[in-house]
Enquirer: 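Please see the structure below; I have some questions.
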2 protein chains.
Amino acid sequence: MSASDTTATAERKRGSGVRMVYELLRDQILDLELPPGAIVDEIQLADRFGMSRTPIREALVRLAAEGLIDTLPNRSTMVSQIDFANLHTFFDALTLMYRVTTRLAAEHHQPADLDRIRRLQRAYEDAAQARDEIAMIATNRDFHYAIAEAGRNRYYLSLFGRLLDEGRRILRLYYYSSFEGELPGEYLREHEAIVQAIAARDIEAADRLARAHADQIVRQIGKAITRDRRQDIAI
Amino acid sequence: MSASDTTATAERKRGSGVRMVYELLRDQILDLELPPGAIVDEIQLADRFGMSRTPIREALVRLAAEGLIDTLPNRSTMVSQIDFANLHTFFDALTLMYRVTTRLAAEHHQPADLDRIRRLQRAYEDAAQARDEIAMIATNRDFHYAIAEAGRNRYYLSLFGRLLDEGRRILRLYYYSSFEGELPGEYLREHEAIVQAIAARDIEAADRLARAHADQIVRQIGKAITRDRRQDIAI
DNA sequence: TGTATTTTACTTGTCGACAAGAAATATGCC
DNA sequence: GGCATATTTCTTGTCGACAAGTAAAATACA
């Protein structure tokens, strides 16, 4: 689907094209609109965006540097596969980053940070109420990313950002389908508790809650994957 | 200095140019041969490597994605500054990654990993004996990176890699000058203890030693910076 | 002489075209 | 028909040239 989003030959500011292509492709990849293995054609993209291959290529180089696409030399470039074999390493890193960033947020947050976090928490709540899966995934990501920003450590922030992005793809596959139509009330309550711990500058509570939240997510995805596997065998 | 390394118009394999330029610039930046703030000129590089601007640009896009250079739109691109104001966030992340990767190495290493780690440990020892500062920094980095590889978590590995790279610049400024000609015997002993803990699969010991090692480094750099500052004031 | 404005010089951003490499297709040979 | 080889086709990698934008130099003016 995804109606031919031809922004085509509209007058564009010099230098804005690369960022535009980069962001669009990135979102399409993370929402699985471009599934793992999909081939990405430079000429096709150039036509679609009404620009030459040069800026397209620069966007692709960036995506490749972040591991979102793989380029086979002199051959096609494709959306990178999700590394299911090492999912546990992903969960391990994700859990640690949840904990560290939430701790730091409790320690270093400033008033404006809390406003922003609370606003995103409400956005997630709204998305959940509306049962809008893609919006839920995106706002959940933004909520936790905002917490990490309040922690003010750009190294953790960059790894956490990558993990949350990769998570968007995995969640799109497993997570929300595992709710089976129910609202994730548990998660809303956990988010609320996390925000309160941060506001109270209670570092140990923030750590404990972040860890519990991560464990909960890992458990639920694990459950969904197991069920998925069982169905595979049953067929 | 750095004698005009013109690999120039030698027949090159198609596609190898980008990687070559990328790696060379990266090393020059991390060794401070290209100091923070140095401007990077595309045409100049194109001349120097005997290729057109296109592959040069792709290498620069990658470097920019990793934060090693900053590009001002329509203006020059320069080697990124070292963020001294937030050095503590760097040390915080570095310490955590030392611990986590060393723990995981103790848990998951395989025989070939240990061989590699021991080989790099000896390389560091040799560099220290020869008082070759650049080689010391590089082999120290490789030693810890090899440990992280044995831990088999690509997310930690990528952050740790970035931290060690950034560390190469900082160490080049402060760390080894702080030895004042003495050999870093302490570090050799600590390295040895870490390797033994990994080999024994003693996770807690590995963690404790990695933490102590990180603390030691942080303390020494801190001392060097403080002394540096005092001199600034004295003048 | 000092300031505002135009001009110049230089760097980056984009383009269209061509060359090289790899897979798919066609051809020749048995 | 089956296999090895040549040809075609398609995509990526590289190039040289030009357009756009910025800073510095030169000019005009009070």
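Residue numbers start from 1 in every chain, and the chains themselves are labelled A, B, ... in the order their sequence lines are given, proteins ahead of strands.
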Enquirer: Looking at every strand, decide which applies to V61(B) at a 4.0 Å heavy-atom threshold: base, sugar-phosphate, or nothing.
Expert: nothing
Enquirer: Identify each donor-acceptor pair in which a side-chain atom of residues 85-93 of chain B lies under 3.5 Å from a protein atom, sequence neighbours left out, and give them as a table.
Expert:
from: N86(B); atom 1: ND2; to: D83(B); atom 2: OD2; distance (Å): 3.0
from: T89(B); atom 1: OG1; to: N86(B); atom 2: O; distance (Å): 2.7

Enquirer: I43(B) CD1 to dT12(C) C1': how many Å, rounded?
Expert: 8 Å
Enquirer: Given atom CD of E58(B) and atom P of dC15(D), what is their separation to the nearest angstrom?
Expert: 11 Å
Enquirer: Rounded to whole angstroms, how far apart are CG on L60(A) and P on dT12(D)?
Expert: 8 Å
Enquirer: Let me have the donor-acceptor pairs involving side chains of residues 34-45 of chain B, under 3.5 Å, with sequence neighbours excluded, atom names and distances please.
Expert:
from: D41(B); atom 1: OD1; to: I43(B); atom 2: N; distance (Å): 2.8
from: D41(B); atom 1: OD1; to: Q44(B); atom 2: N; distance (Å): 2.9
from: E42(B); atom 1: OE1; to: R53(B); atom 2: NE; distance (Å): 3.0
from: E42(B); atom 1: OE1; to: R53(B); atom 2: NH2; distance (Å): 3.1
from: E42(B); atom 1: OE1; to: R57(B); atom 2: NE; distance (Å): 3.4
from: E42(B); atom 1: OE2; to: R57(B); atom 2: NE; distance (Å): 3.2

Enquirer: Send over the distance from I56(A) CD1 to dG16(C) C1', rounded to a whole Å.
Expert: 15 Å
Enquirer: Pair up each side-chain donor or acceptor in residues 16-27 of chain B with any protein partner under 3.5 Å, not counting sequence neighbours, and list the distances.
Expert:
from: S16(B); atom 1: OG; to: K13(B); atom 2: O; distance (Å): 2.8
from: Y22(B); atom 1: OH; to: E66(B); atom 2: OE1; distance (Å): 2.9
from: Y22(B); atom 1: OH; to: E66(B); atom 2: OE2; distance (Å): 2.8
from: R26(B); atom 1: NH2; to: D165(B); atom 2: OD1; distance (Å): 3.3
from: R26(B); atom 1: NH2; to: D165(B); atom 2: OD2; distance (Å): 2.6
from: D27(B); atom 1: OD1; to: R168(B); atom 2: NH2; distance (Å): 3.4

Enquirer: Minimum heavy-atom separation for Y155(A) and L163(B), please, with both atom names.
Expert: CD2-CD2, 3.5 Å
Enquirer: On DNA chain C, check which nucleotide each of S76(B) and P55(A) is closest to and give me the residue with the more 5' one.
Expert: S76(B)
Enquirer: In terms of side-chain heavy atoms of M51(B), which of dA17(D), dC15(D), dT14(D) is nearest?
Expert: dC15(D)
Enquirer: Measure the distance from CE on M78(A) to P on dA23(C) and round it to the nearest whole Å.
Expert: 12 Å
Enquirer: Checking D132(B) now: which residues fulfil side-chain hydrogen bond (donor to acceptor under 3.5 Å, both in side chains) with it, not counting sequence neighbours?
Expert: none
Enquirer: Quick one: do E107(B) and R152(B) satisfy salt bridge (charged side-chain N to carboxylate O under 4.0 Å, His left out)? Show the steps, please.
Expert: CA-CA 10 Å; E107(B) 205 174 341; R152(B) 298 197 156 58; over 6 Å; no
Enquirer: Choosing from dT12(D), dC15(D), dT12(C), which nucleotide comes nearest the side chain of T54(B)?
Expert: dC15(D)
Enquirer: Between atom CG in L45(B) and atom C1' in dT12(C), what is the gap in whole Å?
Expert: 13 Å
Enquirer: Holding to ring-ring contact (aromatic ring centres under 6.0 Å, His included), I want the full list of residues that pass it with H191(A), two or more places apart in sequence or in another chain.
Expert: Y124(A), F143(A), H144(A), H213(A)
Enquirer: Quick check on dT14(D): is either OP1 or OP2 less than 4.0 Å from any side-chain nitrogen or oxygen of S52(B)?
Expert: no
Enquirer: Please give, in whole Å, the distance from dT22(D) P to R14(A) CZ?
Expert: 9 Å
Enquirer: Out of dG16(C), dC18(D), dT11(C), which nucleotide sits closest to the side chain of D41(B)?
Expert: dT11(C)
Enquirer: Please report the distance, rounded to the nearest Å, between CD1 in I39(A) and C1' in dC10(D).
Expert: 11 Å
Enquirer: Going by number, which of residues 65-75 of chain A have a non-hydrogen atom under 4.0 Å from DNA chain D?
Expert: N74(A), R75(A)
